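Note sheet for the following structure.
Not measured: the values here are computed from a predicted model.
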Amino acid sequence: MTFGTLLYRYFFFGWLFKDVNRGNLLERAAAWRHNRDQARWLPTYLRRWMWCGLFFYGLGIAVESLLHAPAFSVLFYVPCALSVPINAVIGAAWVGLRLVPTH
């Protein structure tokens, strides 16, 4: 695998899941079970994005306070802010896959 693919898979979890809207009833049920099993990895992605957000927040604070460059610190605050909705999506997916009953 290329480095770009590995980096993508390290931060984004879509490749782990199957489409539950394709195939016949048995294939969709198998995809749902597969997705519920794969949901065990979502807390790992949640932690990765949380630490990434905290890291960028720390860099933003450091740049703003030590270098007195608030305009430059935006480069670090924006990825920090983007990690919040990504964590919300990961959390909602994890809760949904854990709490929604199987058919």
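- Hydrophobic clustering (side-chain heavy atoms under 4.5 Å, transitive across Ile, Leu, Val, Met, Phe, Trp, Tyr) groups Phe11 together with Phe3.
- A single hydrophobic cluster is seen to contain both Trp32 and Trp15, as judged by linkage of ILVMFWY side chains at heavy-atom distances under 4.5 Å, directly or through other members.
- Here Asn21 contributes atom CG and Glu27 contributes atom CD; the two are 12.5 Å apart, rounded to the nearest 0.5 Å.
- In the hydrophobic cluster analysis, where Ile, Leu, Val, Met, Phe, Trp and Tyr join through side-chain heavy atoms closer than 4.5 angstrom, Phe55 is grouped apart from Leu7.
- Each of Phe13, Phe12, Tyr10 was compared with Trp49 under the ring pair (Phe, Tyr, Trp, His ring centres under 6.0 Å) criterion, and only Phe12 meets it.
- Nearest heavy atoms, Ala31 versus Asp19: CB-O, 3.9 Å.
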Which donor-acceptor pairs under 3.5 Å do side chains of residues 78-100 form with protein atoms, sequence neighbours excluded?
{"from": "Ser83", "atom 1": "OG", "to": "Cys80", "atom 2": "O", "distance (Å)": "2.6"}

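- Note on Tyr8 and Trp51: separate hydrophobic clusters, where clusters join Ile, Leu, Val, Met, Phe, Trp and Tyr whose side-chain heavy atoms are under 4.5 Å apart, directly or indirectly.
- Listed here is the closest heavy atom pair of Arg28 and Gly23: NH1-O, 3.1 Å.
- Around atom OH of Tyr57, no more than 12 heavy atoms belonging to other residues, nucleotides or ligands sit under 6.0 Å away.
- Residues Arg9 and Tyr45 share a closest heavy-atom pair of O-OH, 2.7 Å.
- Leu16 and Leu42 fall within a single hydrophobic cluster, where Ile, Leu, Val, Met, Phe, Trp and Tyr side chains are chained together by heavy-atom contacts under 4.5 Å.
- Val63 approaches Phe72 most closely through the heavy-atom pair CG1-CD2, 3.3 Å.
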Working note: Arg36 + His34, criterion side chain to side chain contact (heavy atoms under 4.5 Å, CB included); need CA distance, chi angles, decisive distance, verdict. CA-CA 5 Å; Arg36 284 182 58 93; His34 171 80; over 6 Å; no
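- Taking 4.5 Å as the limit, every side-chain heavy atom of Leu75 sits out of range of all side-chain heavy atoms of Phe56.
- Atoms OG and CZ, on Ser73 and Phe76 in that order, are 8.5 Å from each other to the nearest 0.5 Å.
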